[in-house]
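Worth saying up front: this structure is predicted, and the values here are computed from it rather than measured.
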Amino acid sequence: MASPTIAGLARQLEAREVSSHELTQRALDRIAASQPVLNAFITVTPEQALAAADAADARRARGETGPLLGIPLAHKDIFCTAGVPTTCASKMLAGFVSPYDATVVERLNAAGVVTVGKANMDEFAMGSSNETSFFGPVKNPWGLARSPGGSSGGSAAAVAAGLVPAATGTDTGGSIRQPAALTGITGLKPTYGRVSRYGMIAFASSLDQAGVLTRTAEDAALLLGAMAGFDPRDSTCADRPVPDYAAGLGAPLRGRRIGVPKEFFDDGLEPGSAAAVRAALAEYERLGATLHEVSLPNLGLSVPTYYIVAPAEASSNLSRFDGVRFGYRHPGAGSLEELYKLSRAGGFGAEVQRRILTGTYVLSAGYYDAYYLKAQQCRRLIADDFRRAFGSVDVIAGPTAPAPAFRLGEKVDDPVQMYLNDIYTIAVNLAGLPGLSIPCGFSGGLPVGLQLIGPHFEEGRLLNFAHQYQQATGWHLREPAA
Ligand code: GLN
């Protein structure tokens, strides 16, 4: 049986065929049963969830309606949740309880969403495999020896396994789209500034953006509509109206132009994934769209550029974790200096320390011009490539990841191989654009993702393209065996 979508559950709630209490209890039971196998959650909150479900049922009983009212959902453990631990999958924040909700959490709560728990992730969202979590890796429901991708791997696994219909995620270099691709679900990373970053623990502030992992584009539209919009508490949050994303899903694609970057189909792309993506492009032609080759000549600069910009910002953002104000404090320090050193060395995992060291180095006097300044210039070149391409096409399409889910352990000792997993997603963050991944087939029995990229603030267009594809095909209905 296909796991229900938000839209489907909302209809059942509306018809009083089921209560939010029942849906929430079902989600909690499934999470409890799956946890020893998948490890998709860091914290599960049954009492708060059932209380929120009862409140949603009471709101419906009073005549309130809404597509999200009473829907169970998981938050990536990077979003601050008042009264519930927020760890960012780090020992550094073990035991930290935020006194306030992130804006994303606050808005979804207001819409009546029921939070069932906090999803596992890579430590401080640094990773592409979920193996850097202090709380252990997440398993891919399509193959338990495989990674679900990262850093939103717990969110992706929870949705793919049907534990919850949707989860939030964050995407700094691909962390929503890549795990969505590797687990066969839909993942939307909005335009930079579309969704508030307030209360979302910062990794690289000029790249981080909150988004959603769902079964369908329709569900992503419903959630984005509730999350997006101006927030005075985030100065980079755009002050522009939020469209009715669900209302735009039905527009026909006849005559729409899809740009296919030749650089996306390079030697690094696994043949089975390339075939699935090509077949998806052919499906779009059947839907009336036309394909046009475009070029993103500076795409090759994106991974090296990102691995200067992101660690530089991370080294600054993570300086606040000093053993004094938050979380872990080493018990054996004899001086303040030693307290910093021992707490940071003991609280951060290896990948986070690698990023802090890299970031501090590229920002240091004498190296700043050669690395950081250069990277900013490359970033502009990459953004200009997209701007040129969008002069002649409506969306850009290609693969989300170079290959289907890899084995856990396969890339952990080779950071560069791990970093290359984001080769098709990272440029989108550097340019601040919206990107979406939808399932488009299989290779070797594992899901493959199609990535759609749009101009700034055109997430409605991406959702329309994705929805039309999902109306015509059934890849998004496929589920892993229980
Ligand atoms: N995998 C990339 C990294 O490790 C992107 C992570 C992300 O998007 N949060 O930095």
Side-chain angles (χ1 to χ4, degrees), residues 124-126 128 151 170-178 189-195 197 200 202-211 234-238 259 261-264 266 268 294-318 354-391 396 398 400 415-416 418-436 451 453-459:
F124 283 102
M126 298 173 191
S128 306
S151 65
T170 60
D171 191 312
T172 304
S175 279
I176 289 175
R177 291 159 289 157
Q178 184 256 17
K189 174 243 178 250
T191 308
Y192 182 78
R194 179 69 290 188
V195 176
R197 291 183 295 109
M200 194 175 106
F203 162 13
S205 305
S206 77
L207 300 160
D208 296 343
Q209 187 59 202
D234 170 8
S235 62
T236 62
C237 191
K262 54 173 188 262
E263 293 83 3
F264 273 23
D266 56 359
V294 294
S295 178
L296 302 170
N298 295 294
L299 192 78
L301 297 175
S302 57
V303 171
T305 299
Y306 174 89
Y307 279 98
I308 291 173
V309 173
E313 295 182 15
S315 71
S316 167
N317 276 326
L318 271 56
R354 179 159 33 233
R355 306 284 178 112
I356 292 172
L357 288 172
T358 310
T360 307
Y361 178 83
V362 300
L363 289 177
S364 57
Y367 293 109
Y368 180 92
D369 287 356
Y371 293 107
Y372 189 72
L373 193 66
K374 195 71 172 175
Q376 296 291 25
Q377 290 163 343
C378 292
R379 187 172 183 178
R380 171 52 63 91
L381 293 177
I382 292 161
D384 283 346
D385 282 356
F386 280 107
R387 211 188 323 271
R388 242 187 322 273
F390 283 124
I396 288 174
T400 306
V416 174
M418 190 68 92
Y419 297 170
L420 284 173
N421 223 267
D422 299 321
I423 186 124
Y424 304 123
T425 51
I426 270 180
V428 173
N429 300 75
L430 288 167
L433 300 168
L436 177 151
Q451 183 176 208
I453 303 164
H456 291 118
F457 296 101
E458 293 292 353
E459 27 287 285

A.B. asks: Apply side chain to side chain contact (heavy atoms under 4.5 Å, CB included) to Pro434 and list each qualifying residue two or more places apart in sequence or on a separate chain.
C.D. replies: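 Thr191, Glu459, Leu462.
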A.B. asks: Under 3.5 Å, is there a donor on one side chain and an acceptor on the other for Asp208 and Thr170?
C.D. replies: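 Short answer, no.
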A.B. asks: Do Arg387 and Asp384 come close enough that some side-chain heavy atom pair is under 4.5 Å?
C.D. replies: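 Yes, close enough: below the 4.5 Å cut-off.
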A.B. asks: Quick one: are Asp422 and Tyr306 in side-chain contact, heavy atoms under 4.5 Å?
C.D. replies: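 Result no, sub-4.5 Å side-chain heavy-atom pair not found.
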A.B. asks: Quick check for you: to the nearest 0.5 Å, what is the distance between Asp266 atom CG and Phe264 atom CZ?
C.D. replies: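 Answer for the CG-CZ pair, Asp266 versus Phe264, is 9.5 Å.
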A.B. asks: Can you tell if the side chain of Arg177 reaches within under 4.5 Å of the side chain of Asn429, non-hydrogen atoms only?
C.D. replies: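 Sidechains of Asn429 and Arg177: in contact.
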A.B. asks: Measure the SG-CD distance between Cys237 and Gln209 for me, rounded to the nearest 0.5 Å.
C.D. replies: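 Answer rounded to 0.5 Å: 7.5 Å.
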A.B. asks: Taking atom OG1 of Thr305 and atom CD of Gln377, what is their separation to the nearest 0.5 Å?
C.D. replies: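 Interatomic distance, Thr305 OG1 to Gln377 CD, rounded to 0.5 Å: 10.5 Å.
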A.B. asks: Any side-chain heavy-atom pair from Phe203 and Arg355 closer than 4.5 angstrom?
C.D. replies: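 In short, these two side chains touch, coming nearer than 4.5 Å.
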A.B. asks: Residues in side chain to side chain contact (heavy atoms under 4.5 Å, CB included) with Leu381, at least two apart?
C.D. replies: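 In terms of side chain to side chain contact (heavy atoms under 4.5 Å, CB included), with neighbours along the sequence ignored, Leu381 is linked to Asn298, Leu301.
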A.B. asks: For the pair Tyr307 and Tyr419, name the ring-plane relationship: parallel under 30°, tilted 30 to 60°, perpendicular over 60°.
C.D. replies: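 Plane angle under 30°, so parallel.
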A.B. asks: Between Ala210 and Pro190, what is the shortest heavy-atom contact and its length?
C.D. replies: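 Shortest heavy-atom contact: O-CD, 3.0 Å.
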A.B. asks: Give a yes or no on whether the backbone of Gly193 and the side-chain of Thr236 come within a donor-acceptor separation of less than 3.5 Å.
C.D. replies: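 Flag not set: sc Thr236 to bb Gly193 has no pair under 3.5 Å.
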A.B. asks: Check for a donor-acceptor pair, side chain of Gln178 on one end and backbone N or O of Asn421 on the other, with a separation under 3.5 Å.
C.D. replies: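 Here the side-chain-to-backbone pair does not exist.
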A.B. asks: Quick one: list whatever passes ring-ring contact (aromatic ring centres under 6.0 Å, His included) with Phe390, sequence neighbours left out.
C.D. replies: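 Phe390: no ring-ring contact (aromatic ring centres under 6.0 Å, His included) contacts found.
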A.B. asks: OH of Tyr424 to OG of Ser302: how many Å apart, nearest 0.5 Å?
C.D. replies: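 One gets 10.5 Å once the value is rounded to the nearest 0.5 Å.
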A.B. asks: Would you give the length of the straight line joining atom OG of Ser206 to atom OH of Tyr192, rounded to the nearest 0.5 angstrom?
C.D. replies: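 Result: 6.0 Å between the selected atoms.
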A.B. asks: At their closest point, which heavy atom of Ser315 faces which heavy atom of Leu363, and how far apart are they?
C.D. replies: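 In terms of heavy atoms, the two residues are closest at OG-CD1, 3.8 Å.
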A.B. asks: Taking salt bridge (Lys or Arg N to Asp or Glu O under 4.0 Å) as the definition, give me every residue that meets it alongside Arg197, ordered by chain and number, with sequence neighbours left out.
C.D. replies: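 Salt bridge (Lys or Arg N to Asp or Glu O under 4.0 Å) list for Arg197, sorted by chain: Asp234.
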A.B. asks: Who pairs with Lys262 by side chain to side chain contact (heavy atoms under 4.5 Å, CB included), at least two apart in sequence or on another chain?
C.D. replies: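 Listed in chain order: Glu293, Ser295.
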A.B. asks: Taking all non-hydrogen atoms of both residues, which atom of Ile308 and which atom of Ala375 are closest, and how far apart?
C.D. replies: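 Heavy atoms of Ile308 and Ala375 come nearest at CG2-CB, 3.7 Å.
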A.B. asks: Closest approach of Val362 and Ala312, non-hydrogen atoms and distance?
C.D. replies: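 Of all heavy-atom pairs spanning Val362 and Ala312, the closest is CG2-CB, 4.0 Å.
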A.B. asks: Are Thr172 and Glu313 close enough that some pair of their side-chain heavy atoms sits under 4.5 Å apart?
C.D. replies: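 Thr172 vs Glu313: side chains apart.
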A.B. asks: Who passes salt bridge (Lys or Arg N to Asp or Glu O under 4.0 Å) against Arg380, sequence neighbours left out?
C.D. replies: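 With neighbours one apart ignored, the set is empty.
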A.B. asks: Between Glu263 and Leu296, what is the shortest heavy-atom contact and its length?
C.D. replies: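 Between these two residues, the closest heavy atoms are OE1-N, 2.9 Å.
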A.B. asks: Could you tell me which non-hydrogen atom of Ala431 sits nearest to which non-hydrogen atom of His456, and how far apart they are?
C.D. replies: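 Residues Ala431 and His456, closest heavy atoms: O-NE2, 2.8 Å.
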A.B. asks: Begin from the C-alpha positions of Phe386 and Ile382 and carry the test side chain to side chain contact (heavy atoms under 4.5 Å, CB included) through to its verdict.
C.D. replies: CA-CA 7 Å; Phe386 280 107; Ile382 292 161; 4.1 Å; yes
A.B. asks: For the atom pair OG1 (Thr425) and CG (Asp171), what is the distance rounded to the nearest 0.5 Å?
C.D. replies: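 Reported to 0.5 Å precision, the distance equals 6.5 Å.
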